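Working notes, beginning with the structure itself.
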Amino acid sequence: MPTSLLFLLFLLLQAASAAAATFPLSISPSALDKWESINLAALSSLSRARHLKRPPTLTGKVTLPAYPRSYGGYSVIFSLGTPPQKVSLVLDTGSSLVWTPCTIPTATYTCQNCTFSGVDPTKIPIYARNKSSTVQSLPCRSPKCNWVFGSDLNCSTTKRCPYYGLEYGLGSTTGQLVSDVLGLSKLNRIPDFLFGCSLVSNRQPEGIAGFGRGLASIPAQLGLTKFSYCLVSHRFDDTPQSGDLVLHRGRRHADAAANGVAYAPFTKSPALSPYSEYYYISLSKILVGGKDVPIPPRYLVPSKEGDGGMIVDSGSTFTFMERIIFDPVARELEKHMTKYKRAKEIEDSSGLGPCYNITGQSEVDVPKLTFSFKGGANMDLPLTDYFSLVTDGVVCMTVLTDPDEPGSTTGPAIILGNYQQQNFYIEYDLKKQRFGFKPQQCDRSKN
Ligand SMILES: *[C@@H]1O[C@H](CO)[C@@H](O)[C@H](O)[C@H]1NC(C)=O
Ligand SMILES: *[C@@H]1O[C@H](CO)[C@@H](O)[C@H](O)[C@H]1NC(C)=O
Ligand SMILES: *[C@@H]1O[C@H](CO)[C@@H](O)[C@H](O)[C@H]1NC(C)=O
Ligand SMILES: *[C@@H]1O[C@H](CO)[C@@H](O)[C@H](O)[C@H]1NC(C)=O
């Protein structure tokens, strides 16, 4: 059973630098300083000129299918390069860098060495960098390199942007940053798009499409004013059904609030912190069967440092709650579920809980689970988003906690996973900095 996947913990600067090329310097430091400023000025002028001459072609909106995957995520097909090469990337609002498994002709490392989890590796498209006529490698002193490594990156020993290393909950990836054309559709081809060409990766199902709040993310690079998705139900297989991912750019778009979308404001992300890329929301309470669950307020509202509160993460499968939240929620649920038998063995083997044996019951009576956000919007989860038949006759709550971490106070206290977002229209309104949601049937064949 896949658990909380792809939770970006931190960006390892210059990880795996054993694989990085470093160049000995043969020019004097003062010459270097001058070269630095000239080079930087040249590069920023060039990238600005390119931008002014060829602004991203995306205007209005683009709709792409989002496919549920057996590993518990959703993936979207993009193309990279000229001629376009198709890549399949995990839709991830919990991280920002876009990366794809990649091969380069002269490297000892190619993603033939990558290990993939939960997918057939022969079905993973790999971007062949040398087959694209528009690919460019990134100098260390390029603004795009700074998007990923920060502005105080030390470029004195390397001309190339350093290797990136990303650690996720279960795996990791390392590679080189490049820029190339990102294709959203035949008509929407975005030049000079920054992404990672991963040469080593461990236990990653495929590449990642970062939709987080960082400078390198798809929304930031494309200047999106909003994006939204509707995720079809998981069946933990790769059946070809899909929901929509919609990207909007431009000043005017119809206000969806008129159509019954409820909104909660995004909280400002902490600067200079590994949490700066996350979409935070403040909660006012959590209700189980309409009853306010007692939770210390500091866990519901994020601090300036990003501790506490909820983040919305399409890359996690099941919602995670700190134990200090999970325990009272589970206790309140148990009060309503006393007529069913607890199935502890299934809790132990699945990592989910509480679980109940409902064999022989024609109907199961489960209390409503509601997230109540600051600002007044209430998110009532449909039963299938927080309770699931895990095995014959046994249902479990599909929310996780960390049994070994009783009182962690660092980082988000709740990570709203994609399982709890199924069959909702979910909107990230980047202009008004707010999270929108509305129950909706996402499988178009059922509309
Ligand atoms: C690209 O590199 C691959 C692997 O090294 C090689 O097989 C292929 O011929 C190269 N293609 C081009 C167009 O250079
Ligand atoms: C990559 O795989 C090849 C073939 O299995 C192997 O010879 C090589 O040592 C591997 N490289 C790394 C860095 O693991
Ligand atoms: C950059 O790195 C070089 C070599 O490691 C070091 O000598 C120099 O002091 C560093 N500069 C800064 C500003 O950290
Ligand atoms: C559920 O309860 C039924 C009847 O009481 C029993 O036969 C079955 O083994 C139980 N299932 C599990 C998974 O414990």
Side-chain angles (χ1 to χ4, degrees), residues 1-3 10-44 137-165 174 176-177 215 234-237 271-274 276 317-318 326 330-331 333-367 383-384 386-401 403 419:
M1 181 69 56
T3 52
F10 53 88
L11 186 68
L12 263 182
L13 296 189
Q14 312 198 33
S17 58
T22 50
F23 296 82
L25 286 170
S26 55
I27 42 178
S28 73
S30 63
L32 180 72
D33 285 343
K34 211 183 225 168
W35 183 85
E36 270 177 35
S37 355
I38 293 172
N39 190 241
L40 184 57
L43 278 165
S44 23
S137 52
L138 283 194
C140 187
R141 285 168 228 284
S142 79
K144 285 183 179 165
C145 185
N146 293 140
W147 290 351
V148 176
F149 289 100
S151 54
D152 51 4
L153 174 65
N154 187 342
C155 289
S156 67
T157 54
T158 172
K159 283 186 190 157
R160 292 195 65 159
C161 189
Y163 277 64
Y164 62 84
T174 298
Q176 283 178 327
L177 294 171
L215 292 170
H234 271 300
R235 285 185 283 175
F236 293 102
D237 56 18
L272 302 174
S273 130
S276 62
T317 307
F318 300 123
F326 181 91
R331 266 198 303 275
L333 189 100
E334 283 163 39
K335 283 189 203 158
H336 289 81
M337 302 287 285
T338 46
K339 60 178 144 159
Y340 310 104
K341 200 165 69 186
R342 274 289 277 280
K344 298 252 192 206
E345 337 69 74
I346 303 297
E347 292 175 11
D348 295 340
S349 60
S350 70
L352 297 172
C355 298
Y356 297 94
N357 188 335
I358 55 157
T359 308
Q361 309 280 343
S362 57
E363 241 180 38
V364 189
D365 206 4
V366 179
L383 180 61
T384 50
Y386 66 101
F387 252 85
S388 186
L389 197 62
V390 165
T391 173
D392 236 10
V394 177
V395 289
C396 298
M397 182 165 78
T398 49
V399 174
L400 299 166
T401 191
Y419 205 87

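Counting starts at 1 for both ligands and their atoms, following the listed order. Please read all numbers here as calculations on a predicted model, not as lab measurements.
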Side-chain donor-acceptor pairs under 3.5 Å in residues 389-399, sequence neighbours left out?
{"residue": "T398", "atom": "OG1", "partner": "D385", "partner atom": "O", "Å": "3.4"}
{"residue": "T398", "atom": "OG1", "partner": "Y386", "partner atom": "O", "Å": "3.4"}
{"residue": "T398", "atom": "OG1", "partner": "Q420", "partner atom": "NE2", "Å": "3.2"}

Would you call the rings of Y356 and F387 parallel, tilted or perpendicular, where under 30° means parallel and over 60° means perpendicular? parallel
With heavy-atom distances below 4.0 Å as the criterion, list the atoms of ligand 4 near N357. 1 (C), 2 (O), 3 (C), 8 (C), 10 (C), 11 (N), 12 (C), 14 (O)
What are the two closest non-hydrogen atoms of L352 and C355, and how far apart are they? O-SG, 3.8 Å
Which of the ligand 4 atoms, numbered from 1, are nearer than 4.0 Å to a heavy atom of V394: 13 (C)
Ligand-residue contact atoms, ligand 4 with K341, heavy atoms, under 4.0 Å: 2 (O), 5 (O)
Start with the C-alpha distance between Y340 and D365, add both sets of side-chain angles, then the distance that settles side-chain contact (heavy atoms from CB on, under 4.5 Å), and finish with yes or no. CA-CA 9 Å; Y340 310 104; D365 206 4; 3.5 Å; yes
For a 4.5 angstrom cut-off between non-hydrogen side-chain atoms, does Q361 reach K339? no
For ligand 3, run through the N/O pairs with the protein that fall under 3.5 Å and put one pair on each line.
{"residue": "ligand 3", "atom": "2 (O)", "partner": "N154", "partner atom": "OD1", "Å": "3.4"}
{"residue": "ligand 3", "atom": "2 (O)", "partner": "N154", "partner atom": "ND2", "Å": "2.3"}
{"residue": "ligand 3", "atom": "2 (O)", "partner": "S156", "partner atom": "OG", "Å": "3.2"}
{"residue": "ligand 3", "atom": "11 (N)", "partner": "N154", "partner atom": "ND2", "Å": "2.9"}
{"residue": "ligand 3", "atom": "14 (O)", "partner": "N154", "partner atom": "ND2", "Å": "3.3"}

If we number the atoms of ligand 4 from 1 as shown, the ones under 4.0 Å from a heavy atom of E345 are 14 (O)
Looking only at distances, please establish whether an N/O atom of ligand 4 is found under 3.5 Å from an N/O atom of D392. no
Taking C161 and C145, which are both Cys, do their SG atoms fall under 2.5 Å of each other? yes
State, to 0.1 Å, how close M337 and P367 come at their nearest heavy-atom pair, and which atoms those are. SD-CD, 3.9 Å
Taking side chain as C-beta onward, heavy atoms only, is L153 less than 4.5 Å from P162? yes
